[in-house]
There are 2 protein chains.
Amino acid sequence: MKVVIIGGVAAGPKTGAVLARRMPEAEIVLFQREAQISYGTCGLPYFASGDITSFSELINTSYGTPRDTGFFARTKGFSVRTETEVVGIDRKAKQVRVKDLKSGEIFEKSYDKLVIATGANPIKPPFEVAVSDRIRPFTRPNDAINFRRLAEQGQIGKAVIIGGGFIGCEVAEAAGGLWGIETVLIEKEKQLLPYILDPEMSRISEREMERQGVVLHLGLTVQKVNTGADGAPIVHFNGESIEADYVFLCLGVTPEVSLAKDTGLEIGRTGGIKVDSHMRSSDPDIYAGGDCVESFNLVSKKPVYIPMGSLANRHGRVIAEHIAGIDAEFKGVTGAFLVKVFDENVGAVGLSENAAKRAGIAAEAVWGSFPDKPDYYPEVKTFSLKLVYEKSSRRLLGLQAVGLGDVLRRIDVMSALLSEGKHIDDLFDFEHGYAPPYSEALDPLHHLAGIANAKSRGIEFVAPIPNDENVIWLDVREPEEAEGLPWPRTTISIPLNDLRERLHELNKSQQINIVCRRGPRSYQAAVILKRAGFDKVAVIGGGTQASLS
Amino acid sequence: MKVVIIGGVAAGPKTGAVLARRMPEAEIVLFQREAQISYGTCGLPYFASGDITSFSELINTSYGTPRDTGFFARTKGFSVRTETEVVGIDRKAKQVRVKDLKSGEIFEKSYDKLVIATGANPIKPPFEVAVSDRIRPFTRPNDAINFRRLAEQGQIGKAVIIGGGFIGCEVAEAAGGLWGIETVLIEKEKQLLPYILDPEMSRISEREMERQGVVLHLGLTVQKVNTGADGAPIVHFNGESIEADYVFLCLGVTPEVSLAKDTGLEIGRTGGIKVDSHMRSSDPDIYAGGDCVESFNLVSKKPVYIPMGSLANRHGRVIAEHIAGIDAEFKGVTGAFLVKVFDENVGAVGLSENAAKRAGIAAEAVWGSFPDKPDYYPEVKTFSLKLVYEKSSRRLLGLQAVGLGDVLRRIDVMSALLSEGKHIDDLFDFEHGYAPPYSEALDPLHHLAGIANAKSRGIEFVAPIPNDENVIWLDVREPEEAEGLPWPRTTISIPLNDLRERLHELNKSQQINIVCRRGPRSYQAAVILKRAGFDKVAVIGGGTQASLS
């Protein structure tokens, strides 16, 4: 059995390593265009920031051995050739055409099974960009090395980041937070992280960015990035321009499928190589995995393109096992994401309300803010959640989480539940680990299910964002908690404990939106008002913690 | 509809609050024997330690309002009577007999539905115990208040804790860690936390306890606790005795079921009140919830007694909704536990290997040690896991986790998977949230599934504990990592990278146990040795991180 693997970052080496264990007799060779292999791409922002001292840490194993060709031969048991590019695939002859980039030599290599793991490329900007080592994407080792060298030399006083997705947010922290560079972020959508968050949840991280000194320009389109007389980049957008010392082009990535396309493999409508559940392309002798393939979203039941190192590694195992005759499957993705936005933890899984709308699913949503342990415990941190579910069936669609506290376990648990097609009421059955240093007695997911049920019983919840309605705000917090509310409104303050006695102060004909710190008091207040015949009542989901934090 | 609730800590108030929202017309009254109500019992160790400044923090809401009878009447909408004890239940007449503990008055109160939430009592020690305010259990507010008062007065130089379960471990940190009290812990089993951990996993927390200065006496039985001439307690065990200033009796709790028993309700074989999935006792008009009921273990399919504040709160909702005519169910428990042992996080869910054995299930186990983020990321922490699964079906049975890193999300995810009856291969389908500040590209659960599969392909794994076999230890770490191994053995050091070339140094007729830091290198080494014809090979699960940390 001869196996050729194209691509040496994540899916490729994983395939090779597993396959060499399962089929020691197989002849496995991996071709990698770059000199480096199996580096931690996802770690590049932390190398750029200086958090990771040396680039070799991204390449070495945890015990300090470099993952080089010798390592793969001696330890992993398969052959790796770097600086060697596959330039064509001949499916009839079952061979690839390979170019040695050092010698220029071209040779053929035959295969029984071929694995395409060619990764992704930065999206080409839809605007004019000057060629400069100060205007670069941020996807390859040299991008990070280049930025860090200039930052270490003190050559970057001001940086502009174009694009507010994952990499944009991570680079903002690397530049603004860790190097103290004056940082401007421009995003064409009216929010950060539009792929995973709805705007009101994104707003929480935007406030954190702004608190940390990053200037945000949201909903603005860049027209051009050129360089001035001194070679410094200038970013032009909406009639304005900003001079900077460095520009990051963080517009996302697109699957590298040219080899696959040239040889006639089926490409999905997201642009990735179409694969079946065994990661086989339309040619059963050719597998594909990693950032070059299209995935199936288990929640929307639609194709989706999600380039993630974690998925790439899982693809690699499935490919290797299937080649080895084991019936391994990759069933699809829930879309679980985490990103650190300065001190805040941001997570999402499944569909946002906007993503559900785009997928043609009628969705509802509820919000809640929570402490990550009982309030009596020292160093309690807080976070806000948004739960999205299908209106008719009450099937769970997604969860968004933003805050200082532990959002990770909620994302992970929701990911497990989403892949099972669970419903709102199933959240009540989830048994979380409980002890005061780690959690409250009831898990936030349990509370969110209760809120969704309250909504179905007629208690209205609205997003924690300003809106234009002519509403009265009823603040049911205690007087000593009363920070100013985020929106200039007619506000009536009645602490929850006094509400039953002070109902006469409220007007039944007006819309009343109730606010407290996190939500539970507003909900209790809404129950009291409803019972007293107030019909136009809504709770501000997530309370001031979501709208002021 | 008249509803009477007996017990005011967790399940009782939760039932009342939910029911008052669902059935505003119902007449709900809750009787509580103590003066305090709805206090956070689980927070008592943190009050004892001084982490929580004032006891009122355990009673107040997060916004500072005390949860007193006024709070329940005005905010929650139901009636609470404290210092009032229910002394009998007349099921024919559907009424309870109640004693006002302040006035001594006795009265009857009729019900349509009765809720028993009488909690648990400390287990009576099976040895003689002198009466003293320096020899006490640790289950009620006054136990914590009493200890803290003496500690604040500097009256406790030395404390003995009898019992190494959850409360024993928490109290050890409160006394030893936070008050600097010389602390001795005596446990009759040969390990800490015998209910949730297997001995080799417990050993990791025992090392942490010892590092923090707690003296452990494991596998020893206390004969007597009396007081000396000066009133100081003396603990007698196995012919020895220890003088101390304070003795904690942390022998666990037993369900308080005397009212239920007296009125003829069915009691389960674990000693808790038997309830159906709607939390109804054998009398359909009487519900029971919280620490006084027996649960159904979803993994072992057997009854189990698990007193936990988190379950009690969930019981309360189910009871209230079912009384209100909603078909809510409590399907059972997976048994998810977390406990902080000084700086280490300890978690478990489902069955340990020992618990599986007791339940008559033939189980297998694998181990692994993991970083909680990529090793290149700053401040990486580590933890060790043990996965237990059914031998024949490969159904997941349980997970144990001990270490400095984030064990919480693994316990929570495994809890969700266990309640679905998932199998080893399902772990490969779990999509965890991935970003370098939070996780590795592959989740530890994914790795554990791989290890279990390797085991089924013939790679042997053994527990990270010493054993008596005549084995050779093969250390495949790099020379610069080589700390001493935990067991005095014939050790051969061959770094993994050199193994293929140095196979001639090993003897095929001897049992070879391979060790590295966390496990992956040993596994790779085992694959290499097997292929070279070595049959007697095993991997030390979890590596030195599990056996030395």
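Letters go in sequence order (proteins before strands), and every chain restarts at 1. The structure displayed is predicted, hence computed values, not measured ones.
Although no hydrogens or angles enter the test, the distance criterion places a donor-acceptor pair under 3.5 Å between the side chain of A/E57 and the main chain of A/S54.
With sequence neighbours excluded, the residues forming a side-chain contact (heavy atoms from CB on, under 4.5 Å) with A/E481 are A/R477, A/E478, A/R517, A/R521, B/Y63, listed by chain and number.
Most heavy-atom pairs under 4.5 Å with chain B: of the set A/K422, A/E480, A/K14, this distinction falls to A/K422. Contact count against chain A (heavy-atom pairs under 4.5 Å) is highest for B/G43 among B/A17, B/G43, B/P495. When A/L417, A/D425, A/V349, A/N345 are compared by the number of non-hydrogen pairs under 4.5 Å with chain B, A/N345 comes out ahead. Taking chain B as the reference chain and counting heavy-atom pairs below 4.5 Å, the highest number among A/R518, A/E501, A/E440, A/R500 is found for A/R500. With respect to chain B, the highest number of heavy-atom pairs below 4.5 Å among A/V527, A/I411, A/D406 belongs to A/V527. Heavy-atom pairs under 4.5 Å with chain B peak, among A/A312, A/A454, A/G309, A/C42, at A/C42. Contacts with chain A were tallied for B/K331, B/M414, B/E170; B/K331 has the most, counting heavy-atom pairs under 4.5 Å. Of the residues considered (A/P371, A/A435, A/S62), A/S62 shows the highest number of contacts with chain B, using heavy-atom pairs under 4.5 Å. For the set B/V413, B/D426, B/L298, B/N497, the entry with the most heavy-atom pairs within less than 4.5 Å of chain A is B/N497. The residue among B/L499, B/T53, B/N313 with the most heavy atom pairs within less than 4.5 Å of chain A is B/N313.
Ring centers of B/H315 and B/F330: under 6.0 Å apart, within the cut-off. Residues B/F430 and B/H446 place their aromatic rings such that the two centres sit no closer than 6.0 Å.
Remark: B/L496 CG to A/T75 OG1 distance equals 4.5 Å, nearest 0.5 Å. Atom SG of B/C516 is separated from atom CD of B/Q545 by 10.0 Å, given to the nearest 0.5 angstrom.
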Mind running ring-ring contact (aromatic ring centres under 6.0 Å, His included) on B/Y376 and A/Y46 for me, showing each step along the way? CA-CA 9 Å; B/Y376 60 71; A/Y46 313 100; 7.4 Å; no
Before you tell me yes or no, could you show the steps for B/E344 and B/K340 under salt bridge (Lys or Arg N to Asp or Glu O under 4.0 Å), namely the whole-Å CA-CA distance, both residues' side-chain angles and the distance that decides it to 0.1 Å? CA-CA 6 Å; B/E344 261 178 5; B/K340 190 164 168 288; over 6 Å; no
Could you go through the side chain to side chain contact (heavy atoms under 4.5 Å, CB included) check for B/V9 and B/T41 one step at a time? CA-CA 8 Å; B/V9 179; B/T41 314; 3.3 Å; yes
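Other residues, nucleotides and ligands contribute more than 12 heavy atoms inside 6.0 Å of the CD atom of B/E25.
Neither the backbone nor the side chain of A/F55 comes within contact range of chain B; no heavy atoms are under 4.5 Å apart. Using a 4.5 Å cut-off between heavy atoms, B/S439 touches chain A through its side chain atoms alone. Interface remark: A/E329 contributes backbone atoms only to the contact with chain B (heavy atom separation under 4.5 Å). Proximity to chain A (any heavy atom under 4.5 Å) is shown, for B/V333, by both the backbone and the side chain. Interface remark: B/R410 contributes no atoms to any contact with chain A (heavy atom separation under 4.5 Å). Interface remark: B/F428 contributes backbone and side-chain atoms alike to the contact with chain A (heavy atom separation under 4.5 Å). Proximity to chain A (any heavy atom under 4.5 Å) is shown, for B/E379, by neither the backbone nor the side chain. No part of A/A526 comes within reach of chain B, as not one of its non-hydrogen atoms sits under 4.5 angstrom from that chain. Interface remark: B/Y434 contributes backbone and side-chain atoms alike to the contact with chain A (heavy atom separation under 4.5 Å). Neither the backbone nor the side chain of B/A348 comes within contact range of chain A; no heavy atom of the residue lies under 4.5 Å from a heavy atom of that chain. For A/A73, the part lying near chain B is the backbone, with the side chain staying farther off; criterion is any non-hydrogen pair under 4.5 Å. Proximity to chain B is limited to the side chain of A/L311, based on heavy atoms less than 4.5 angstrom apart. In this structure, chain B has a heavy atom under 4.5 Å from the side chain of A/I528, while its backbone stays farther away. Neither the backbone nor the side chain of B/V476 comes within less than 4.5 Å of any heavy atom of chain A. Contact annotation for A/R21: both backbone and side-chain heavy atoms come within less than 4.5 Å of a heavy atom of chain B. In this structure, the portions of B/R314 lying under 4.5 Å from any heavy atom of chain A include both its backbone and its side chain. With a 4.5 Å cut-off on non-hydrogen atoms, A/P24 touches chain B through its backbone and its side chain both. Within the 4.5 angstrom heavy-atom criterion, no atom of B/K530 approaches chain A. Looking at B/Q524, only its side chain comes within 4.5 Å of chain A, counting heavy atoms on both sides.
A donor-acceptor pair shorter than 3.5 Å cannot be found between the side chains of A/D375 and B/N60. Judged purely by distance below 3.5 Å, without hydrogens or angles, the side chains of B/S415 and B/T334 pair a donor atom with an acceptor atom. For the 3.5 Å distance criterion, the side chains of A/D51 and B/Y377 fail to qualify, holding no donor opposite an acceptor.
The minimum heavy-atom distance linking B/D412 with A/R409 is given by the pair OD2-NE, 2.9 Å. Between B/S310 and A/A441 the shortest heavy-atom distance is CB-O, 3.0 Å. Pairing each heavy atom of B/I306 with each of B/G335, the nearest pair is CD1-CA, 3.9 Å.
Relative to the ring axis of A/F72, A/R67 does not place its NZ or CZ within 45° and under 6.0 Å from the centre.
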